[in-house]
There are 2 protein chains.
Amino acid sequence: MNQIYRNKLIQTFQIKEELFDELYSLLQFKDVLKNEYLLKENDICSFIGITLDGSLRTFYSNENGEEINFLFHFDHQLEDIVFTDYDSFLRRSTSKLNIQALENSTVCLISYDNWNQLSNSSIYWQLFSKRMTEQVYFFAKKRIEDLLYYSPENRYLKLLKENPLLFQKIPQRHLASYLGITPQSLSRIRKRICTN
Amino acid sequence: MNQIYRNKLIQTFQIKEELFDELYSLLQFKDVLKNEYLLKENDICSFIGITLDGSLRTFYSNENGEEINFLFHFDHQLEDIVFTDYDSFLRRSTSKLNIQALENSTVCLISYDNWNQLSNSSIYWQLFSKRMTEQVYFFAKKRIEDLLYYSPENRYLKLLKENPLLFQKIPQRHLASYLGITPQSLSRIRKRICTN
DNA sequence: CGTTCAGTTGACTAAGGTCAATTCCCGTGG
DNA sequence: CCACGGGAATTGACCTTAGTCAACTGAACG
(Lines give C-alpha, C1' and ligand atoms only; values in the text may rest on other atoms or scores of the structure.)
Protein backbone atom coordinates (compact mmCIF):
# COMPACT_ATOMS: atom_id res chain seq x y z
CA MET A 1 0.00 0.00 0.00
CA ASN A 2 1.41 3.33 -0.87
CA GLN A 3 2.25 5.93 1.70
CA ILE A 4 -0.41 8.33 0.53
CA TYR A 5 -3.20 5.89 1.18
CA ARG A 6 -1.71 5.00 4.52
CA ASN A 7 -1.66 8.62 5.57
CA LYS A 8 -5.14 9.16 4.28
CA LEU A 9 -6.50 6.34 6.39
CA ILE A 10 -4.66 7.41 9.50
CA GLN A 11 -5.76 10.98 9.07
CA THR A 12 -9.36 10.28 8.15
CA PHE A 13 -9.97 7.98 11.04
CA GLN A 14 -7.52 9.55 13.43
CA ILE A 15 -5.97 6.24 14.23
CA LYS A 16 -2.97 6.00 16.49
CA GLU A 17 0.05 5.30 14.27
CA GLU A 18 1.23 2.42 16.39
CA LEU A 19 -2.13 0.69 16.12
CA PHE A 20 -2.60 1.16 12.41
CA ASP A 21 -1.14 -2.17 11.41
CA GLU A 22 -3.85 -3.99 13.33
CA LEU A 23 -6.36 -2.43 10.98
CA TYR A 24 -4.19 -2.64 7.91
CA SER A 25 -3.80 -6.39 8.02
CA LEU A 26 -7.58 -6.75 7.77
CA LEU A 27 -8.07 -4.51 4.75
CA GLN A 28 -8.66 -5.72 1.25
CA PHE A 29 -7.56 -3.35 -1.52
CA LYS A 30 -9.42 -3.21 -4.76
CA ASP A 31 -9.50 -1.34 -8.04
CA VAL A 32 -12.95 -0.90 -9.46
CA LEU A 33 -13.93 0.17 -12.95
CA LYS A 34 -16.34 2.92 -13.80
CA ASN A 35 -19.95 1.72 -13.40
CA GLU A 36 -18.89 -1.40 -11.55
CA TYR A 37 -21.08 -2.33 -8.58
CA LEU A 38 -19.73 -3.02 -5.12
CA LEU A 39 -23.19 -3.68 -3.73
CA LYS A 40 -26.44 -4.52 -5.46
CA GLU A 41 -29.84 -4.25 -3.84
CA ASN A 42 -31.20 -7.42 -2.28
CA ASP A 43 -27.70 -8.50 -1.34
CA ILE A 44 -26.43 -8.30 2.21
CA CYS A 45 -23.77 -5.67 2.60
CA SER A 46 -20.86 -7.48 4.15
CA PHE A 47 -18.22 -4.79 4.10
CA ILE A 48 -17.37 -1.29 5.10
CA GLY A 49 -15.57 0.47 2.27
CA ILE A 50 -13.25 3.44 2.11
CA THR A 51 -12.67 5.52 -0.98
CA LEU A 52 -8.98 5.97 -1.60
CA ASP A 53 -9.18 7.37 -5.11
CA GLY A 54 -11.99 8.15 -7.51
CA SER A 55 -15.65 8.44 -6.63
CA LEU A 56 -18.69 6.29 -5.94
CA ARG A 57 -22.34 6.72 -5.26
CA THR A 58 -24.89 4.99 -3.06
CA PHE A 59 -28.39 4.96 -4.48
CA TYR A 60 -31.84 3.45 -4.27
CA SER A 61 -33.85 2.49 -7.28
CA ASN A 62 -37.61 2.63 -7.05
CA GLU A 63 -40.32 0.56 -8.69
CA ASN A 64 -40.26 2.77 -11.83
CA GLY A 65 -36.56 2.12 -12.29
CA GLU A 66 -35.71 5.65 -11.23
CA GLU A 67 -32.56 6.07 -9.23
CA ILE A 68 -32.40 8.12 -6.07
CA ASN A 69 -28.94 9.03 -4.94
CA PHE A 70 -28.40 8.81 -1.24
CA LEU A 71 -24.71 9.62 -0.89
CA PHE A 72 -21.61 10.35 -2.91
CA HIS A 73 -18.19 9.22 -1.85
CA PHE A 74 -14.88 10.61 -2.93
CA ASP A 75 -11.44 11.18 -1.71
CA HIS A 76 -11.69 14.85 -0.84
CA GLN A 77 -14.57 14.62 1.52
CA LEU A 78 -13.88 13.32 4.99
CA GLU A 79 -17.40 12.83 6.14
CA ASP A 80 -18.54 10.52 3.39
CA ILE A 81 -15.39 8.83 2.24
CA VAL A 82 -16.83 5.72 3.87
CA PHE A 83 -19.41 3.69 1.97
CA THR A 84 -21.55 0.84 3.19
CA ASP A 85 -25.14 0.07 3.91
CA TYR A 86 -24.62 0.32 7.60
CA ASP A 87 -28.11 -0.89 8.26
CA SER A 88 -27.72 -4.05 6.18
CA PHE A 89 -24.17 -4.52 7.46
CA LEU A 90 -25.07 -4.41 11.14
CA ARG A 91 -28.37 -6.22 10.99
CA ARG A 92 -27.34 -8.74 8.35
CA SER A 93 -30.42 -7.81 6.39
CA THR A 94 -30.86 -7.49 2.65
CA SER A 95 -30.01 -4.06 1.36
CA LYS A 96 -32.18 -1.72 -0.66
CA LEU A 97 -29.09 0.21 -1.70
CA ASN A 98 -26.70 -0.02 -4.60
CA ILE A 99 -23.10 1.13 -4.49
CA GLN A 100 -21.47 1.87 -7.81
CA ALA A 101 -18.23 3.45 -9.01
CA LEU A 102 -18.74 6.72 -10.85
CA GLU A 103 -15.26 6.45 -12.37
CA ASN A 104 -12.31 4.11 -12.14
CA SER A 105 -11.54 4.09 -8.46
CA THR A 106 -9.41 2.56 -5.77
CA VAL A 107 -11.02 1.45 -2.55
CA CYS A 108 -10.32 -0.72 0.41
CA LEU A 109 -12.81 -2.94 2.15
CA ILE A 110 -13.06 -4.45 5.57
CA SER A 111 -15.27 -7.49 5.80
CA TYR A 112 -18.01 -8.05 8.36
CA ASP A 113 -16.06 -10.74 10.12
CA ASN A 114 -12.87 -8.75 10.21
CA TRP A 115 -14.70 -5.70 11.43
CA ASN A 116 -16.22 -7.61 14.31
CA GLN A 117 -12.92 -9.23 15.11
CA LEU A 118 -11.31 -5.82 15.23
CA SER A 119 -14.10 -4.23 17.25
CA ASN A 120 -13.91 -6.97 19.83
CA SER A 121 -10.15 -7.08 20.01
CA SER A 122 -9.76 -4.15 22.37
CA ILE A 123 -11.42 -1.17 23.96
CA TYR A 124 -9.60 1.05 21.52
CA TRP A 125 -11.16 -0.52 18.44
CA GLN A 126 -14.50 -0.84 20.08
CA LEU A 127 -14.55 2.90 20.67
CA PHE A 128 -13.35 3.31 17.12
CA SER A 129 -16.35 1.43 15.79
CA LYS A 130 -18.69 3.38 18.01
CA ARG A 131 -17.24 6.65 16.72
CA MET A 132 -17.80 5.42 13.21
CA THR A 133 -21.49 4.84 13.90
CA GLU A 134 -21.74 8.29 15.38
CA GLN A 135 -20.19 9.91 12.31
CA VAL A 136 -22.63 8.14 10.07
CA TYR A 137 -25.47 9.29 12.27
CA PHE A 138 -24.38 12.92 12.38
CA PHE A 139 -24.32 13.06 8.63
CA ALA A 140 -27.74 11.43 8.37
CA LYS A 141 -29.21 13.89 10.83
CA LYS A 142 -27.82 16.78 8.86
CA ARG A 143 -29.54 15.50 5.74
CA ILE A 144 -32.88 15.28 7.52
CA GLU A 145 -32.52 18.85 8.69
CA ASP A 146 -31.75 20.00 5.18
CA LEU A 147 -34.69 18.15 3.69
CA LEU A 148 -37.15 19.36 6.29
CA TYR A 149 -35.83 22.86 6.66
CA TYR A 150 -35.07 24.05 3.17
CA SER A 151 -36.83 24.33 -0.16
CA PRO A 152 -35.26 22.61 -3.18
CA GLU A 153 -33.76 25.90 -4.29
CA ASN A 154 -32.24 26.58 -0.91
CA ARG A 155 -30.95 23.05 -0.68
CA TYR A 156 -29.18 23.59 -3.97
CA LEU A 157 -27.65 26.86 -2.80
CA LYS A 158 -26.60 25.31 0.46
CA LEU A 159 -24.99 22.32 -1.18
CA LEU A 160 -23.21 24.55 -3.66
CA LYS A 161 -21.77 26.54 -0.79
CA GLU A 162 -20.87 23.64 1.47
CA ASN A 163 -19.60 21.24 -1.10
CA PRO A 164 -18.83 22.94 -4.41
CA LEU A 165 -16.60 20.07 -5.43
CA LEU A 166 -19.66 17.87 -5.85
CA PHE A 167 -20.76 20.01 -8.75
CA GLN A 168 -17.47 19.47 -10.49
CA LYS A 169 -17.27 15.75 -9.93
CA ILE A 170 -20.85 14.54 -10.10
CA PRO A 171 -23.18 14.71 -13.12
CA GLN A 172 -26.10 17.01 -12.58
CA ARG A 173 -28.71 14.31 -13.04
CA HIS A 174 -27.27 12.50 -10.02
CA LEU A 175 -27.23 15.63 -7.91
CA ALA A 176 -30.88 16.28 -8.70
CA SER A 177 -32.13 13.16 -6.98
CA TYR A 178 -29.71 13.73 -4.12
CA LEU A 179 -31.47 17.07 -3.61
CA GLY A 180 -34.85 15.40 -3.94
CA ILE A 181 -35.86 16.94 -7.28
CA THR A 182 -35.88 16.09 -10.98
CA PRO A 183 -32.99 16.96 -13.33
CA GLN A 184 -35.25 19.42 -15.16
CA SER A 185 -36.06 21.26 -11.98
CA LEU A 186 -32.42 21.47 -11.04
CA SER A 187 -31.67 22.89 -14.45
CA ARG A 188 -34.37 25.52 -13.99
CA ILE A 189 -33.25 26.41 -10.49
CA ARG A 190 -29.75 27.00 -11.81
CA LYS A 191 -31.10 29.18 -14.58
CA ARG A 192 -33.28 31.12 -12.19
CA ILE A 193 -30.35 31.85 -9.95
CA CYS A 194 -27.97 32.88 -12.71
CA THR A 195 -30.35 35.39 -14.20
CA ASN A 196 -31.28 37.03 -10.89
CA MET B 1 -39.72 3.18 40.83
CA ASN B 2 -42.78 1.22 40.05
CA GLN B 3 -42.65 -2.19 38.53
CA ILE B 4 -44.25 -1.10 35.28
CA TYR B 5 -41.52 1.39 34.54
CA ARG B 6 -38.89 -1.13 35.48
CA ASN B 7 -40.31 -3.64 33.05
CA LYS B 8 -40.64 -1.04 30.37
CA LEU B 9 -36.98 -0.12 30.64
CA ILE B 10 -35.81 -3.69 30.67
CA GLN B 11 -37.97 -4.58 27.74
CA THR B 12 -37.25 -1.51 25.66
CA PHE B 13 -33.51 -1.78 25.98
CA GLN B 14 -33.36 -5.53 26.31
CA ILE B 15 -31.18 -5.27 29.36
CA LYS B 16 -30.19 -8.35 31.27
CA GLU B 17 -32.23 -8.41 34.47
CA GLU B 18 -29.25 -8.98 36.67
CA LEU B 19 -27.48 -5.93 35.26
CA PHE B 20 -30.42 -3.60 35.45
CA ASP B 21 -29.58 -2.15 38.83
CA GLU B 22 -26.30 -0.81 37.49
CA LEU B 23 -28.31 1.37 35.16
CA TYR B 24 -31.08 2.09 37.61
CA SER B 25 -28.84 3.68 40.19
CA LEU B 26 -27.79 6.28 37.63
CA LEU B 27 -31.26 7.33 36.54
CA GLN B 28 -33.01 10.47 37.62
CA PHE B 29 -36.82 10.35 37.56
CA LYS B 30 -38.83 13.40 36.79
CA ASP B 31 -42.41 14.55 36.30
CA VAL B 32 -42.79 17.28 33.73
CA LEU B 33 -45.78 19.50 33.10
CA LYS B 34 -47.41 20.08 29.75
CA ASN B 35 -45.41 22.58 27.68
CA GLU B 36 -42.41 22.36 30.01
CA TYR B 37 -39.04 22.28 28.28
CA LEU B 38 -36.39 19.68 28.97
CA LEU B 39 -34.00 21.19 26.48
CA LYS B 40 -33.90 24.64 24.93
CA GLU B 41 -31.91 25.52 21.84
CA ASN B 42 -28.45 26.95 22.44
CA ASP B 43 -28.05 24.84 25.54
CA ILE B 44 -25.87 21.76 25.59
CA CYS B 45 -27.89 18.61 25.87
CA SER B 46 -26.43 16.81 28.86
CA PHE B 47 -28.80 13.90 29.19
CA ILE B 48 -30.41 11.02 27.46
CA GLY B 49 -34.08 10.80 28.35
CA ILE B 50 -36.62 8.04 28.29
CA THR B 51 -40.35 8.57 28.11
CA LEU B 52 -42.10 6.53 30.77
CA ASP B 53 -45.52 8.12 30.52
CA GLY B 54 -47.03 10.90 28.42
CA SER B 55 -45.52 12.38 25.29
CA LEU B 56 -42.87 14.84 24.19
CA ARG B 57 -41.61 16.37 21.01
CA THR B 58 -38.22 17.39 19.67
CA PHE B 59 -38.31 20.39 17.35
CA TYR B 60 -36.28 23.08 15.64
CA SER B 61 -37.42 26.64 15.38
CA ASN B 62 -36.29 28.64 12.41
CA GLU B 63 -35.55 32.35 11.99
CA ASN B 64 -39.24 33.13 11.36
CA GLY B 65 -40.21 31.54 14.64
CA GLU B 66 -41.76 28.58 12.85
CA GLU B 67 -41.37 25.26 14.55
CA ILE B 68 -40.28 22.16 12.72
CA ASN B 69 -40.94 18.92 14.52
CA PHE B 70 -38.17 16.40 14.26
CA LEU B 71 -39.41 13.58 16.47
CA PHE B 72 -42.23 12.63 18.80
CA HIS B 73 -41.70 10.51 21.86
CA PHE B 74 -44.25 8.52 23.72
CA ASP B 75 -44.66 5.44 25.74
CA HIS B 76 -46.13 3.17 23.09
CA GLN B 77 -43.44 3.53 20.52
CA LEU B 78 -40.24 1.61 21.10
CA GLU B 79 -38.09 3.23 18.50
CA ASP B 80 -38.44 6.80 19.65
CA ILE B 81 -39.14 6.49 23.31
CA VAL B 82 -35.68 7.92 23.79
CA PHE B 83 -35.18 11.67 23.53
CA THR B 84 -31.97 13.62 23.40
CA ASP B 85 -29.98 15.72 21.00
CA TYR B 86 -27.48 12.98 20.43
CA ASP B 87 -25.30 15.27 18.39
CA SER B 88 -25.08 17.90 21.12
CA PHE B 89 -24.81 15.24 23.79
CA LEU B 90 -21.86 13.42 22.25
CA ARG B 91 -19.98 16.40 20.92
CA ARG B 92 -20.75 18.69 23.84
CA SER B 93 -21.92 21.30 21.36
CA THR B 94 -24.81 23.72 21.67
CA SER B 95 -28.06 22.28 20.45
CA LYS B 96 -30.40 23.65 17.82
CA LEU B 97 -33.17 21.47 19.17
CA ASN B 98 -35.88 21.96 21.75
CA ILE B 99 -37.48 19.19 23.72
CA GLN B 100 -40.87 19.90 25.21
CA ALA B 101 -43.60 17.92 26.93
CA LEU B 102 -46.81 17.72 24.94
CA GLU B 103 -48.75 16.73 28.05
CA ASN B 104 -47.99 16.03 31.68
CA SER B 105 -45.42 13.27 31.48
CA THR B 106 -43.07 11.12 33.45
CA VAL B 107 -39.54 10.62 32.22
CA CYS B 108 -36.20 9.45 33.44
CA LEU B 109 -32.87 10.97 32.55
CA ILE B 110 -29.33 9.75 32.55
CA SER B 111 -26.71 12.47 32.71
CA TYR B 112 -23.72 12.77 30.43
CA ASP B 113 -21.29 11.88 33.19
CA ASN B 114 -23.31 8.91 34.34
CA TRP B 115 -23.72 7.69 30.79
CA ASN B 116 -19.98 7.79 30.22
CA GLN B 117 -19.33 6.13 33.51
CA LEU B 118 -21.72 3.38 32.58
CA SER B 119 -20.38 2.99 29.06
CA ASN B 120 -16.86 2.64 30.35
CA SER B 121 -17.70 0.34 33.19
CA SER B 122 -17.81 -2.84 31.13
CA ILE B 123 -17.93 -4.33 27.68
CA TYR B 124 -21.60 -5.01 28.21
CA TRP B 125 -22.53 -1.39 28.70
CA GLN B 126 -20.19 -0.25 26.01
CA LEU B 127 -21.97 -2.47 23.53
CA PHE B 128 -25.21 -1.18 24.95
CA SER B 129 -24.25 2.38 24.17
CA LYS B 130 -23.12 1.41 20.70
CA ARG B 131 -26.42 -0.30 20.04
CA MET B 132 -28.17 2.85 21.16
CA THR B 133 -26.29 4.91 18.58
CA GLU B 134 -27.18 2.39 15.93
CA GLN B 135 -30.88 2.55 16.78
CA VAL B 136 -30.83 6.30 16.53
CA TYR B 137 -29.09 6.05 13.19
CA PHE B 138 -31.48 3.51 11.73
CA PHE B 139 -34.39 5.72 12.51
CA ALA B 140 -32.68 8.75 10.99
CA LYS B 141 -31.90 6.85 7.82
CA LYS B 142 -35.50 5.79 7.51
CA ARG B 143 -36.59 9.39 7.70
CA ILE B 144 -34.20 10.39 4.93
CA GLU B 145 -35.54 7.62 2.73
CA ASP B 146 -39.08 8.77 3.36
CA LEU B 147 -38.30 12.38 2.61
CA LEU B 148 -36.39 11.62 -0.57
CA TYR B 149 -38.56 8.82 -1.81
CA TYR B 150 -42.11 9.91 -1.21
CA SER B 151 -44.29 12.88 -1.99
CA PRO B 152 -45.94 14.70 0.93
CA GLU B 153 -49.16 12.84 0.25
CA ASN B 154 -47.45 9.47 0.24
CA ARG B 155 -45.53 10.36 3.37
CA TYR B 156 -48.81 11.08 5.06
CA LEU B 157 -50.32 7.77 3.95
CA LYS B 158 -47.22 5.90 5.02
CA LEU B 159 -47.12 7.48 8.45
CA LEU B 160 -50.81 6.84 8.93
CA LYS B 161 -50.23 3.20 8.18
CA GLU B 162 -47.04 2.73 10.15
CA ASN B 163 -47.89 4.78 13.16
CA PRO B 164 -51.62 5.53 13.41
CA LEU B 165 -51.30 6.29 17.10
CA LEU B 166 -49.45 9.48 16.24
CA PHE B 167 -52.61 10.87 14.69
CA GLN B 168 -54.50 10.26 17.89
CA LYS B 169 -51.93 11.70 20.23
CA ILE B 170 -50.34 14.54 18.31
CA PRO B 171 -52.07 17.72 17.08
CA GLN B 172 -52.22 17.94 13.32
CA ARG B 173 -50.22 21.15 13.12
CA HIS B 174 -47.28 19.35 14.69
CA LEU B 175 -47.57 16.41 12.33
CA ALA B 176 -47.55 18.73 9.35
CA SER B 177 -44.05 20.01 9.97
CA TYR B 178 -42.90 16.49 10.82
CA LEU B 179 -44.02 15.54 7.31
CA GLY B 180 -42.34 18.60 5.86
CA ILE B 181 -45.49 20.49 4.86
CA THR B 182 -47.79 23.22 6.15
CA PRO B 183 -50.86 22.51 8.31
CA GLN B 184 -53.08 23.74 5.47
CA SER B 185 -51.56 21.30 3.03
CA LEU B 186 -51.98 18.46 5.44
CA SER B 187 -55.61 19.37 5.87
CA ARG B 188 -56.08 19.37 2.09
CA ILE B 189 -54.30 16.08 1.64
CA ARG B 190 -56.59 14.52 4.20
CA LYS B 191 -59.61 15.92 2.44
CA ARG B 192 -58.36 14.74 -0.93
CA ILE B 193 -57.93 11.23 0.35
CA CYS B 194 -61.28 10.98 2.10
CA THR B 195 -63.24 12.09 -0.94
CA ASN B 196 -61.47 9.74 -3.36
C1' DC C 1 -20.22 11.83 -39.63
C1' DG C 2 -23.60 9.81 -37.04
C1' DT C 3 -24.89 7.96 -32.43
C1' DT C 4 -25.59 8.69 -27.77
C1' DC C 5 -26.56 10.84 -23.69
C1' DA C 6 -26.54 14.89 -20.66
C1' DG C 7 -28.45 19.15 -20.21
C1' DT C 8 -31.70 22.68 -21.50
C1' DT C 9 -36.00 24.53 -22.81
C1' DG C 10 -41.04 24.83 -23.77
C1' DA C 11 -45.86 24.01 -22.71
C1' DC C 12 -48.76 22.37 -19.61
C1' DT C 13 -50.36 20.22 -15.19
C1' DA C 14 -50.49 19.34 -10.47
C1' DA C 15 -49.49 20.27 -5.89
C1' DG C 16 -47.95 22.75 -2.14
C1' DG C 17 -47.34 27.64 -0.13
C1' DT C 18 -49.43 31.93 1.42
C1' DC C 19 -52.76 34.95 3.33
C1' DA C 20 -57.10 35.59 4.99
C1' DA C 21 -61.68 34.31 6.37
C1' DT C 22 -64.52 30.98 8.46
C1' DT C 23 -65.91 27.11 11.13
C1' DC C 24 -65.35 23.94 14.76
C1' DC C 25 -64.24 22.52 19.28
C1' DC C 26 -63.54 23.05 23.98
C1' DG C 27 -63.13 25.20 28.24
C1' DT C 28 -64.19 29.08 31.19
C1' DG C 29 -66.84 32.34 33.40
C1' DG C 30 -71.03 34.96 33.81
C1' DC D 1 -77.08 26.63 30.98
C1' DC D 2 -75.58 29.67 27.77
C1' DA D 3 -72.35 33.12 25.91
C1' DC D 4 -67.93 34.10 24.90
C1' DG D 5 -62.98 33.62 23.82
C1' DG D 6 -59.15 31.30 21.88
C1' DG D 7 -56.82 28.05 19.43
C1' DA D 8 -57.04 24.39 15.92
C1' DA D 9 -58.60 22.99 11.70
C1' DT D 10 -60.70 23.85 7.46
C1' DT D 11 -61.65 26.33 3.38
C1' DG D 12 -61.20 29.78 -0.40
C1' DA D 13 -58.54 32.45 -3.71
C1' DC D 14 -54.47 33.10 -5.66
C1' DC D 15 -49.46 32.37 -6.50
C1' DT D 16 -45.26 29.93 -7.03
C1' DT D 17 -42.77 26.10 -8.05
C1' DA D 18 -41.87 21.47 -9.08
C1' DG D 19 -43.38 17.48 -12.07
C1' DT D 20 -44.28 15.65 -16.65
C1' DC D 21 -43.71 14.85 -21.42
C1' DA D 22 -41.57 16.05 -25.38
C1' DA D 23 -38.50 18.50 -28.39
C1' DC D 24 -34.13 20.38 -29.06
C1' DT D 25 -29.14 21.48 -28.40
C1' DG D 26 -24.55 20.39 -27.71
C1' DA D 27 -20.56 17.87 -26.53
C1' DA D 28 -18.09 13.35 -26.50
C1' DC D 29 -16.84 9.33 -28.74
C1' DG D 30 -16.26 5.99 -31.86
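Reminder, nothing fancy here: chain letters follow the sequence lines and each chain counts from 1.
- Using a 3.5 Å distance cut-off with no hydrogens or angles, the side chains of Asp53(B) and Ser105(B) do not pair a donor with an acceptor.
- Along DNA chain C, read 5' to 3', the first and last nucleotides having any atom under 4.0 Å from a heavy atom of chain A are dA6(C) to dA11(C).
- Salt bridge Glu162(A)/Lys142(A): present, at least one basic N to carboxylate O contact under 4.0 Å.
- Here the CG atom belonging to Leu186(A) is positioned 11.0 Å from the CZ atom belonging to Arg188(A), to the nearest 0.5 angstrom.
- The residues Arg57(B) and Asp80(B) are annotated as not salt-bridged, no charged nitrogen and carboxylate oxygen being separated by less than 4.0 angstrom.
- When all heavy atoms are compared, the tightest approach of Ile189(B) to Tyr156(B) is CG2-CD2, 3.8 Å.
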Candidate pair Phe128(B) and Trp125(B), rule ring pair (Phe, Tyr, Trp, His ring centres under 6.0 Å), full reasoning: CA-CA 5 Å; Phe128(B) 178 80; Trp125(B) 291 109; 5.0 Å; yes
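- Residues Lys141(B) and Asp85(A) are paired through a salt bridge, judged by an N-O separation under 4.0 Å between the basic side chain and the carboxylate.
- A sub-4.0 Å separation between OP1 or OP2 of dT10(D) and a side-chain N or O of Arg190(B) is present.
- Of the side-chain N and O atoms in Arg192(A), one or more sit less than 4.0 angstrom from OP1 or OP2 of dA18(D).
- For Ser187(B) and dT10(D), the shortest distance from a side-chain N or O to OP1 or OP2 is below 4.0 Å.
- Position along DNA chain C of the nearest nucleotide to Gln184(B) versus Ile189(B) favours Ile189(B) as the more 5'-ward residue.
- Rounded to an integer number of Å, the gap from Glu153(B) CD to dG19(D) C1' is 14 Å.
- The CD1 atom of Ile193(A) sits 11 Å away from the P atom of dT17(D) (whole-angstrom rounding).
- The residue Pro183(A) sits apart from the nucleic acid: no heavy atom pair falls under 4.0 Å.
- Using a 4.0 Å cut-off on heavy atoms, the residues of residues 166-182 of chain B that approach DNA chain D are Pro171(B), Gln172(B), Arg173(B), listed by number.
- Residue Tyr149(B) contributes atom OH, which lies 16 Å from atom P of dG19(D) at whole-angstrom precision.
- To the nearest 0.5 Å, atom CZ of residue Phe72(B) and atom CZ of residue Phe59(B) are 10.5 Å apart.
- Distance Arg188(A) CZ to dA22(D) P: 15 Å, rounded to the nearest Å.
- With respect to Arg173(B) and Glu67(B), no salt bridge is recorded, no charged nitrogen being found less than 4.0 Å from a carboxylate O.
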